Amino acid sequence: MLDLKLLQKHGDVVQDGLAKRNSDIDLARFQELDAKRRSILGEVETLKSERNKASGLVAKAKRAGEDASDLIATLSTTSDRIKELDKQAAEVSAGVNDFLLTLPNVPHESVPVGKDENDNTLLSMWGDKPEFDFEPRDHHDLGVALDGLDFERAAKIAGARFAVYKGWAARLERALAAFMLDIHTGEHGYTEVMPPVIVNRQTMTGTGQLPKFGEDLFGLTGTDKDYFLIPTAEVPVTNLHSEETLAETDLPISYCAYTPCFRSEAGSYGKDTKGIIRQHQFQKVELVHFTRPEDSYDQLEKLREHAEEILKRLGLHYRVVTLCTGDMGFAAAKTYDIEVWLPSQDTYREISSCSNCEDFQARRANIRYRPTGAKKSGLPHTLNGSGLAVGRTFVAILENYQQADGSVVIPEALRPYMGGIDKIG
RNA sequence: GGAGGGAUGGCCGAGCGGUUGAAGGCGGUGGUCUUGAAAACCACUGACGGGGUGACUCGUCCGGGGGUUCGAAUCCCUCUCCCUCCGCCA
């Protein structure tokens, strides 16, 4: 959510930011609504002030045993008017709020302006493409041939876009998660968190999934609760501190969480239908930071480096791109995507997305912090990034480490987590 | 699932329908005293939003929402969460 004051005083800045995001939202309707809200509020607050004073007089009179029926009669009228105005104010405020909840974040000034993913800019590259003296196979065929991935049975028990991991594959998934968590908690200073993967509507609204993107989510039916499956651990972990005021000395707070993620993948029919690149359920290690506003862009660089470190240790070739204004997510002010090389597709695919949401989510979720010595509290910045998407890391390992005989070599760093084996197949 | 009990400021804990934003205590901050510290004593100490350069001022908030009333922390309804007992269960 954007700062109401920013919209009131610098609507042009917001309108400009929206334009860069290819949004055609018109702020005029908002300005009108907000002016109405403020005018009603001014009137009703004056009336309330009068009512409070008169109420005190009634109390005084009653205590003195005097008659106050005249006063009470006057108050009755005032009170009716207040009720009416309060109701109007609530309606208009709800309208203002609903509108605010649909506005995306304003891009940071360092973000390249562009229309879509073709305008993203290359930040860096690491490693080299592996060379094969044979035609590399894709992870789907490798996984099936090595009896690790079973799509047919997954389709039987659940449907399309699900997979069963068996034997070495299940072990590899678990090994990758443990490997990532150990590095982030042991070397990068993160605190591991295991949150609920089912959350309520308020939580989904806090990070920005709702009210606009409900079609991307799985909701739970057959219960009178308003429950949703999380699309990323960013949702429960960022909301961990919703409705709280943190001390400045608490910051930065850094959490990592390994959770399943659920996405309906509405509107992606026909995309990545083969294999486990795009699933309804996948596992991810997520990194989440709460920082002071002045520290958040330094923290974004660190966050990106933490995610990159995993790929370096696994020896996987990747590149980093800065997302342009037109390609960024709803809540982000700036985003780096880390893309890993996939030989079968002869291209780079997203394996991590690291974003600084600035105070956008903090304002929605009412996460505050109090600068040391300050009277007023402020809004911390929140950041999140994958570190990494485990399923896609699984894919990258299979494809990049495959051998001519159809076997797959286990990267050195991962062997302790795989019971010491150095090869699958 | 059944029965009962709760939710008040950073924490504990009072609170007759009428100067109660809320007693008291703890904690915190400042001060007095002291060589220093502790103790003791004194003062200050909630959040959010609006207005004013400022001293300041107005409004809202006692788990959430709704209702009764001139007036609600206090009465009624409802929801959520927590606790105790029974049942079921990993």
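The sequence lines fix the lettering, A, B, ..., with proteins before strands; numbering per chain opens at 1. In this text, all values refer to a predicted model and were calculated from it rather than measured experimentally.
Between A:N52 and B:U19 there is no side-chain N or O to OP1 or OP2 distance below 4.0 Å. Residue A:S49 places at least one side-chain N or O under 4.0 Å from the OP1 or OP2 atom of B:G59. For B:C48, neither phosphate oxygen OP1 nor OP2 lies less than 4.0 angstrom from any side-chain nitrogen or oxygen of A:N366. Residue A:T46 places no side-chain N or O under 4.0 Å from the OP1 or OP2 atom of B:G59. Put simply, A:S79 has no side-chain N or O that comes within less than 4.0 Å of OP1 or OP2 on B:U69.
Checking B:C70, B:G18, B:G49 against the side-chain heavy atoms of A:E45 singles out B:G49 as nearest. Listed nucleotides B:C70, B:U60, B:G71 differ in distance to A:V58; the shortest reach to its side chain belongs to B:C70. Set against B:G49, B:G59, B:G71, the side chain of A:R368 has B:G49 as its closest nucleotide.
B:G46 and B:U84 have their P atoms separated by 35 Å, given to the nearest Å. As rounded to the nearest Å, B:G9 and B:C61 have P atoms that lie 15 Å from one another. Comparing the P positions of B:A14 and B:U29 gives a spacing of 27 Å, expressed to the nearest Å. Only the P atoms considered, B:G1 is 26 Å distant from B:C76, to the nearest whole Å. Spacing between B:C70 and B:A22 at atom P, rounded to whole Å, works out to 26 Å. To the nearest whole angstrom, the two P atoms, one in B:C58 and one in B:A40, are 38 Å apart. With C1' as the reference atom, B:A73 and B:U60 are 15 Å apart, rounded to whole Å.
The 5' end of RNA chain B is approached more closely, in terms of each residue's nearest nucleotide, by A:K60 than by the other of A:K60 and A:T245. With RNA chain B read from its 5' end, the first of the two nearest nucleotides for A:K48 and A:R37 is the one closest to A:R37.
Ion pairing between a basic and an acidic side chain is recognised when a charged N comes within 4.0 Å of a carboxylate O; A:R81 and A:E84 show such pairing. Using a 4.0 Å cut-off between charged nitrogen and carboxylate oxygen, A:R153 and A:D150 count as a salt-bridge pair. The pair A:R313-A:E309 meets the salt-bridge criterion, with a side-chain N (NZ, NE, NH1 or NH2) lying under 4.0 Å from an Asp/Glu carboxylate O.
Summarising the base pairing, B:A55 is matched to no nucleotide, lacking a Watson-Crick or G-U wobble pair whose two defining distances lie under 3.5 Å. Look at B:G1: its Watson-Crick or wobble partner, with both distances under 3.5 angstrom, is B:C86. Across the strands present, B:U80 finds its partner in B:A7; the criterion is a Watson-Crick or G-U wobble pair with both atom distances under 3.5 angstrom. Using the Watson-Crick or G-U wobble rule with both distances under 3.5 Å, B:G30 pairs with B:C42. Pairing of B:G21, defined by two Watson-Crick or G-U wobble distances under 3.5 Å, is not identified with any nucleotide.
Note on A:K5: only backbone sugar-phosphate atoms sit closer than 4.0 angstrom, heavy atoms only; bases stay farther off. Residue A:T74 is classed as having no contact, given no heavy-atom separation below 4.0 Å to the nucleic acid.
Distance CZ (A:R38) to C1' (B:G50): 10 Å, rounded to an integer number of Å. Look at CG on A:L47: it is 11 Å from P on B:U60, rounded to the nearest Å. Residue A:D86 contributes atom CG, which lies 14 Å from atom C1' of B:G66 at whole-angstrom precision.
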Self-check item: Residue pair A:T185, A:E192: steps toward the side-chain hydrogen bond (donor to acceptor under 3.5 Å, both in side chains) verdict
Solution: CA-CA 7 Å; A:T185 58; A:E192 186 172 347; 5.1 Å; no

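Between A:Y417 and A:F179, the ring planes lie perpendicular to each other; the angle is over 60°, past the 30° to 60° tilted range. Using cut-offs of 30° and 60° on the angle between ring planes, the pair A:Y255 and A:H241 is parallel.
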